[in-house]
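The structure under discussion appears below in the form of structure tokens.
Every heavy atom of this structure was used, including side-chain atoms; hydrogens, water molecules and symmetry mates were not.
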Amino acid sequence: MTLLEVLRDHGVDQFVLSSRCATYSVPDKIPIDETLTQAPINPYGAFKLTVENRWRKCVLRRRP
């Protein structure tokens with residue numbers, strides 16, 4: 001993922017992803033919070049979760 005690598009290499013360590021609720025399945029409660037298990041139910045949500053996970057790995061590799 002070239003974009004994430006460039007951002008990481010330039011010291012960007014925060015990234016805002018909108019529509020994050022798409023990474024969760026049908027919620028048992030509302031409002032949805034980040035303690036719920038991420039289990040996307042459609043390709044859009046799956047893509048968003050993949051980007052989140054890759055970004056997290058890029059950031060963790062950069063930390064000392």
Side-chain angles (χ1 to χ4, degrees):
M1 297 198 102
T2 305
L3 173 62
L4 296 180
E5 292 169 351
V6 169
L7 292 171
R8 181 195 65 207
D9 293 345
H10 284 85
V12 176
D13 62 359
Q14 295 182 5
F15 198 78
V16 176
L17 296 171
S18 64
S19 302
R20 198 156 180 267
C21 66
T23 65
Y24 299 97
S25 66
V26 178
D28 293 331
K29 64 178 185 170
I30 294 185
I32 296 172
D33 64 42
E34 292 183 351
T35 63
L36 299 174
T37 302
Q38 290 179 290
I41 60 172
N42 58 45
Y44 175 74
F47 174 75
K48 298 286 280 189
L49 185 56
T50 298
V51 171
E52 279 187 34
N53 290 334
R54 296 245 176 120
W55 176 250
R56 189 174 294 112
K57 287 178 185 177
C58 282
V59 169
L60 291 175
R61 274 188 272 155
R62 185 177 184 276
R63 292 187 179 158

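- Listed here is the closest heavy atom pair of Y24 and Q38: CE2-CG, 3.3 Å.
- A distance of 9.5 Å separates SG of C21 from CD1 of I30, quoted to the nearest 0.5 Å.
- Remark: D33 pairs with K29 by the salt bridge (Lys or Arg N to Asp or Glu O under 4.0 Å) rule, at least two apart or across chains.
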Residues 41-48, side-chain donor-acceptor partners within the protein, below 3.5 Å, at least two apart:
residue	atom	partner	partner atom	Å
N42	OD1	Y44	N	3.2
N42	OD1	G45	N	2.7
K48	NZ	S18	O	2.5

